[in-house]
Amino acid sequence: MKQLLRMTLFGLVLSLATAAVAAEQTITLAVDGMTCSMCPKMVQEAINAVPGVSQCNASYEDKVGTAIVTFEDSVASIDTIISASAQVGYPAQLATQ
Ligand SMILES: [Cu+2]
């Protein structure tokens with residue numbers, strides 16, 4: 001019981017510490033596999049479903065797929081966002097800017 005309390009307190013302190021350094025980040029992804037105007041909608045839906053993501057704008061213009069994603073970096077990570085896109089059939093990578 002005491003152990004549980006200690007762990008709970010530790011978790012609380014840890015989450016407070018994380019919240020203090022949490023920041024919103026915006027990244028641009030280069031998304032592969034898009035073939036039509038419906039594709040960005042699929043990507044957007046998948047990425048928006050990732051906890052911590054507040055905004056995702058995907059587009060397919062001139063045969064180039066991109067996604068601009070804003071997320072809370074204490075909740076979501078670039079890796080989870082990229083794998084969400086890959087899971088629906090659109091492998092993505094961080095675009096070099
Ligand atoms: Cu499509």
Side-chain angles (χ1 to χ4, degrees):
M1 191 59 198
K2 222 170 183 180
Q3 180 70 20
L4 183 70
L5 185 69
R6 215 188 334 245
M7 280 173 67
T8 309
L9 281 174
F10 179 71
L12 189 69
V13 169
L14 197 70
S15 62
L16 285 175
T18 313
V21 294
E24 207 167 61
Q25 248 194 76
T26 300
I27 53 166
T28 302
L29 299 177
V31 185
D32 285 333
M34 289 196 195
T35 54
C36 76
S37 61
M38 282 303 288
C39 289
K41 291 183 174 61
M42 300 286 290
V43 171
Q44 235 168 258
E45 200 176 303
I47 292 178
N48 272 319
V50 175
V53 171
S54 57
Q55 203 179 358
C56 174
N57 283 305
S59 66
Y60 179 60
E61 278 166 32
D62 299 323
K63 302 195 173 180
V64 177
T66 53
I68 300 166
V69 188
T70 302
F71 64 101
E72 195 61 54
D73 66 8
S74 63
V75 184
S77 70
I78 293 171
D79 283 350
T80 52
I81 293 165
I82 284 176
S83 66
S85 183
Q87 265 170 29
V88 291
Y90 304 94
Q93 58 185 38
L94 207 54
T96 45
Q97 286 168 312

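As the structure lists them, so they are numbered: ligands from 1, and atoms in each ligand from 1.
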Could you give the side-chain donor-acceptor pairs of residues 39-59 under 3.5 Å, partners two or more places apart or in another chain?
residue	atom	partner	partner atom	Å
Q44	OE1	A58	N	2.9
N48	ND2	Q44	O	3.2
S54	OG	T70	O	3.3
S59	OG	T66	OG1	3.0

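- Distance CG/L29 to CD1/I68: 9.5 Å, rounded to 0.5 Å.
- Protein atoms that are N, O or S and lie under 2.8 Å from the Cu ion (ligand 1) are these: C36 SG, C39 SG.
- Scored by the side chain to side chain donor-acceptor pair (under 3.5 Å) test, Q25 finds D73 as partners (sequence neighbours excluded).
- Hydrophobic clustering (ILVMFWY, side-chain heavy atoms < 4.5 Å, transitive): V88 and I81 are in one cluster.
- One hydrophobic cluster holds both M34 and L94 under the rule that ILVMFWY side chains link at heavy-atom gaps under 4.5 Å.
- For residues 79-95, the side chain to side chain donor-acceptor pair (under 3.5 Å) pairs, not counting sequence neighbours, are S77-T80.
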